[in-house]
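Below is one structure; the comments refer to it alone.
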Amino acid sequence: MKDLHIHIERGPYTVSWIENFIERAQQTGMDEICLLEHSIRFKDFHPAFKEAREYNSYQRKWFDEKAQTARTLDEFKALAQEIRSRNYPVKVSFGLEICWFEQHANLIESLVADGFFDYVIGSVHWIDNWTFNQRKYQWLGKDFNKIYKRYYELENSLVQSEIFDIIAHPDLIGCHSLYPDYDLSEAYDCLCRNLVKHNVSLEMNTSKSLGVNSRFLEIAKADGVSFSTGSDAHRPEDVGRNIKEVTELISRR
């Protein structure tokens, strides 16, 4: 069993902090874990957030607060090298969860081109520089159909960039239980076919449910996608959360 989506941001870059995650992985029967950070956590990625920061005052405040504690990729890589030099009963991989901004694809690609990370995970948290998932009230007055259409356009462009190994929580757009008035089956199918074509795995994220909804999962299986499992843990005690259950769900015919 694999938990390939674990954030370490709430603690220091020390071996002792990382070993808390490893210990929990052993307790929950994980064979492999991937420790990662959001791209906003690194100064190297901050140019990609330029337009998002300027979008409105809320996002400017959000970005500026994150920037105060930002590190560099070299610091994270040094921690990874230290952990990689040690032996643990659980395979410990390292990765990044990168916010996808189409206009900054070249920058994003250049920052992972050295192949240092075991997994490069892409996620759509921004629709044309607007953060859709942080506050529900931000949807007031919006055209849900247009939002969903653009979201899946960005999901597909993320996959087609061939920068990423995994697409994170691919149905995050439904986080506020606000939906369009049309059937999403075609959008699911188009994305899944692209995932297969570009050899990108679809993440079954267990942070709030057992991965994607049943219709999405049905289509993904029919299209032959490869799956990744991740708890989206932000603290050691959540490592391995529902990974067994979602792994069984994936294998169920």
Side-chain angles (χ1 to χ4, degrees), residues 2-15 17-19 21-22 25 30-53 63 66-67 69-88 90-126 154-170 194-203 205 226-230 232-234:
K2 299 181 179 184
D3 187 345
L4 301 183
H5 192 149
I6 299 169
H7 294 276
I8 63 170
E9 62 187 43
R10 294 186 180 180
Y13 280 8
T14 61
V15 171
W17 174 239
I18 297 305
E19 288 182 344
F21 293 90
I22 297 171
M30 296 300 105
D31 300 298
E32 180 183 3
I33 58 174
C34 179
L35 306 175
L36 49 78
E37 291 269 54
H38 287 288
S39 53
I40 187 63
R41 302 283 300 173
F42 301 109
K43 298 174 185 177
D44 314 60
F45 281 98
H46 284 183
F49 290 84
K50 180 178 183 295
E51 294 88 352
R53 180 185 181 275
F63 176 89
K66 295 292 185 181
T69 57
R71 296 176 176 268
T72 66
L73 278 175
D74 284 344
E75 291 178 87
F76 188 43
K77 288 178 178 180
L79 173 66
Q81 291 285 49
E82 175 63 28
I83 296 299
R84 285 171 173 173
S85 71
R86 297 165 180 257
N87 293 317
Y88 295 104
V90 174
K91 181 179 179 181
V92 183
S93 298
F94 282 84
L96 297 171
E97 182 185 355
I98 301 174
C99 283
W100 178 237
F101 295 98
E102 284 182 327
Q103 70 272 33
H104 294 294
N106 289 340
L107 170 66
I108 292 170
E109 185 172 22
S110 71
L111 291 173
V112 298
D114 62 1
F116 179 88
F117 293 102
D118 302 293
Y119 298 98
V120 180
I121 301 175
S123 58
V124 175
H125 286 96
W126 308 81
L154 290 168
E155 292 270 281
N156 281 292
S157 72
L158 181 161
V159 172
Q160 292 164 352
S161 74
E162 298 194 334
I163 296 172
F164 305 98
D165 304 301
I166 299 167
I167 186 169
H169 38 63
N194 259 325
L195 289 167
V196 173
K197 180 179 179 180
H198 296 280
N199 195 31
V200 178
S201 295
L202 182 150
E203 181 185 76
N205 188 296
S226 61
F227 290 96
S228 172
T229 53
D232 214 335
H234 283 66

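Keep in mind that what you see is a predicted model, and the values were worked out from it rather than measured.
- For V15, the side chain to side chain contact (heavy atoms under 4.5 Å, CB included) partners two or more places apart in sequence, or in a different chain, are E19, E82, I83, R86, Y88.
- For the pair G95 and L36, the tightest heavy-atom approach, listed with the atom from each and the gap, is O-CB, 3.1 Å.
- L79 CG to I18 CD1: the interatomic distance, rounded to the nearest 0.5 Å, is 5.0 Å.
- In this structure, R53 fails the cation-pi test against F101, since its NZ or CZ atom is not both closer than 6.0 Å to the six-membered ring centre and inside 45 degrees of the ring normal.
- No side-chain heavy atom of E97 sits under 4.5 Å from any side-chain heavy atom of V120.
- The line from CD1 of I33 to CZ of F21 is 8.5 Å long, rounded to the nearest 0.5 Å.
- Residue S123 comes nearest to L158 through the heavy atom pair N-CD1, 3.6 Å, listed as atom of the first residue, atom of the second, then distance.
- Between atom CG of residue L111 and atom CD1 of residue I98 there is a gap of 7.5 Å, rounded to the nearest 0.5 Å.
- Checked by atom type and distance alone, the side chain of D118 pairs as donor or acceptor with a backbone atom of F94 at under 3.5 Å.
- A distance of 5.5 Å separates CD of E203 from NE2 of H5, quoted to the nearest 0.5 Å.
- Under the 30°/60° scheme for interplanar angles, the aromatic rings of F63 and F49 are found to be tilted.
- In this view, N106 satisfies the side chain to side chain contact (heavy atoms under 4.5 Å, CB included) rule with no residue, not counting sequence neighbours.
- T69 places a side-chain heavy atom less than 4.5 Å from the side chain of R41.
- Looking at heavy atoms from C-beta onward, E37 lies in side-chain contact with I8 at the 4.5 angstrom threshold.
- Under the salt bridge (charged side-chain N to carboxylate O under 4.0 Å, His left out) criterion, D232 pairs with no residue, sequence neighbours left out.
- Taking the side chain to side chain contact (heavy atoms under 4.5 Å, CB included) definition, one finds that E102 meets it with W100, R150, L154, S157, sequence neighbours left out.
- By the neighbour-count criterion of 12 heavy atoms within 6.0 Å, atom NZ of K197 is sparsely surrounded, having that number or fewer from other residues, nucleotides or ligands.
- A donor-acceptor pair is defined here as one N or O able to donate and one able to accept, closer than 3.5 Å; such a pair exists between the side chain of S39 and the backbone of C99.
- When all heavy atoms of L202 and P170 are compared, the closest pair comes out as CG-CG, 3.8 Å.
- Aromatic pair F76/F117: ring centres closer than 6.0 Å.
- Partners of E32 by side chain to side chain contact (heavy atoms under 4.5 Å, CB included), not counting sequence neighbours, listed by chain and number: K2, L4, K91, S93, Y119.
- Exactly one of L73, D165, L96 qualifies for a side chain to side chain contact (heavy atoms under 4.5 Å, CB included) with V112. That residue is L96.
- In this structure, D44 and R71 approach most closely via the heavy-atom pair OD1-O, 4.2 Å.
- Summarising the geometry, atom NE2 belonging to H38 is positioned 4.0 Å from atom NE2 belonging to H234; distances are rounded to the nearest 0.5 Å.
- Between P47 and K43, the shortest heavy-atom contact is CD-O, 3.7 Å.
- In this structure, CD1 in I167 is found 11.5 Å from OG in S228, a value given to the nearest 0.5 Å.
- Few gaps surround CG on D114; more than 12 heavy atoms of other groups in view lie less than 6.0 Å from it.
- Contact record, A48 with H104: O-CD2, 3.2 Å, taken as the closest heavy-atom pair.
- In this structure T229 satisfies the side-chain hydrogen bond (donor to acceptor under 3.5 Å, both in side chains) test with no other residue, sequence neighbours excluded.
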